[in-house]
Engineer: 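I'd like to ask some things about the structure below.
This one's a predicted model, so the numbers in the text were calculated from it and none came from an experiment. Counting starts at 1 for both ligands and their atoms, in listed order. These numbers come from the heavy atoms of this one structure, side chains and all, not from hydrogens, waters or symmetry mates.
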Amino acid sequence: MRHLIDIRDFSKEEINDLLEVAEQIIADPVAFQDRCAHKRLATLFFEPSTRTRLSFEAAMQALGGSVLGFSSADSSSAAKGESVTDTVRTVSCYADIIAMRHPKEGAPFLASQQSEVPVINAGDGGHNHPTQTLTDLLTIHREKGRPNNLKIGMAGDLKFGRTVHSLITAMLQYEGISFVLMSPPELRIPSYLREMLDREGVPYLETDEMEANLGDLDILYMTRVQKERFFNEEDYVRLKDRFILDMEKMQYAAADMKILHPLPRVNEISVKVDDDPRAVYFDQVKNGMIVRMALILKLLEESK
Ligand code: NCD
């Protein structure tokens with residue numbers, strides 16, 4: 001059974017194929033509107049979500065399928081003490097494919113081992129978020145026309161930001177990639193990622209300076225400080241406003257730099273930046289639904 005738990009579960013070729021299908025969907029959505037007729041997607045969200053859950057549901061509906069699920073742990077038997085694996089064994093009797101978000105790292109992986117149907121990791125704690133990475137890759141592809149030879153800046157919470165972890169992992173397989181990792185020292189990337197970058201010989205700079213590093217970036221990936229993953233409120237309050245992108249800082253950025261953000265935004269991008277043509281984070285939202293359509297098709301096809 002094929003699942004998507006970590007972005008490395010898919011080869012570079014498979015990711016390229018997915019992005020190709022996403023482009024076909026954009027060009028002719030009607031051709032896909034019945035592709036999942038009589039199929040059901042279950043969304044099991046043990047953590048809050050707006051875009052990820054709704055885009056999965058909208059994606060399945062756009063393919064002619066139907067959806068069921070829950071949007072908080074409180075409204076499921078998890079509140080009674082049921083294990084994730086028992087929940088998944090149950091849900092795989094009702095659904096053809098499952099998208100799961102959970103606050104515990106590794107929970108979707110455990111679930112996938114007990115599931116009769118494909119499981120998609122829709123975010124596990126501060127660990128991974130592979131479908132956001134597919135969204136980011138489609139956005140990069142559409143905005144920059146290439147996945148190679150890019151200088152990518154990432155700013156904010158690089159420690160707890162699971163979208164950052166999955167995107168860095170995915171970009172390691174492309175040529176000519178370098179990173180500028182901008183965060184307070186306390187919120188730098190986890191050491192396993194630093195080791196991966198070193199092993200792959202990918203150039204990167206870790207810095208707490210933003211203005212001075214914006215000038216030659218192709219992409220600026222902004223992130224929210226992940227309040228829910230902090231051990232104490234005091235640290236969050238001290239760190240939350242350190243990396244804010246406003247129009248003043250945008251003066252230092254190149255005319256063709258693109259700003260991505262997985263959203264939700266709190267205050268790390270000033271709303272004035274939204275009108276700048278370099279801001280593509282709301283286009284990213286649309287791409288998220290499209291690429292999830294391509295993903296559902298692929299996994300259902302492979303589970304036949
Ligand atoms: C992200 C997440 O859940 O990790 N949101 C998303 O899925 N688009 C980013 C975040 O919550 O900050």
Engineer: What residue and atom, counting heavy atoms only, is the protein's closest point to atom 11 (O) of ligand 1, and at what distance?
Structural biologist: R224 NH2, 2.8 Å

Engineer: What orientation do H102 and F46 show, parallel under 30°, tilted 30 to 60°, or perpendicular over 60°?
Structural biologist: tilted

Engineer: I want to know if ligand 1 touches P264 in the polar sense, i.e. an N/O pair below 3.5 angstrom.
Structural biologist: no

Engineer: Taking only Lys NZ, Arg NE, NH1 and NH2, and the carboxylate oxygens of Asp or Glu, determine whether D274 and R265 approach each other closer than 4.0 Å.
Structural biologist: yes

Engineer: Less than 4.0 Å is my threshold; does some heavy atom of Q226 fall inside it relative to ligand 1?
Structural biologist: yes

Engineer: Give a yes or no on whether a salt bridge exists between D86 and R89, defined as a side-chain N under 4.0 angstrom from a carboxylate O.
Structural biologist: no

Engineer: Among N121, N128, L167, L134, which residue satisfies the side-chain contact (heavy atoms from CB on, under 4.5 Å) criterion with I7?
Structural biologist: L134

Engineer: Is G123 near ligand 1, meaning one of its heavy atoms is under 4.0 Å from it?
Structural biologist: no

Engineer: To which protein heavy atom is atom 3 (O) of ligand 1 closest, and what is the distance rounded to 0.1 Å?
Structural biologist: R162 NH2, 2.9 Å

Engineer: I'd like to check whether R51 has a polar contact with ligand 1, where a contact means an N/O of the residue lying under 3.5 Å from an N/O of the ligand.
Structural biologist: no

Engineer: For atom 9 (C) of ligand 1, what's the nearest protein heavy atom and its distance?
Structural biologist: L263 O, 3.6 Å

Engineer: Under 4.0 Å between a Lys/Arg side-chain N and an Asp/Glu carboxylate O for E47 and R229?
Structural biologist: yes

Engineer: Are any of the N/O atoms in H129 less than 3.5 Å from those in ligand 1?
Structural biologist: yes

Engineer: Between R199 and E195, does at least one N-O distance fall below 4.0 Å, as a salt bridge requires?
Structural biologist: no

Engineer: Considering only heavy atoms of T163, which atoms of ligand 1 have at least one such atom less than 4.0 Å away?
Structural biologist: 1 (C), 4 (O)

Engineer: Under 4.0 Å from a heavy atom of R101: give me the atoms of ligand 1 that qualify, with their elements.
Structural biologist: 3 (O), 7 (O)

Engineer: Do K304 and E301 sit within salt-bridge range, that is, some charged N less than 4.0 Å from a carboxylate O?
Structural biologist: yes

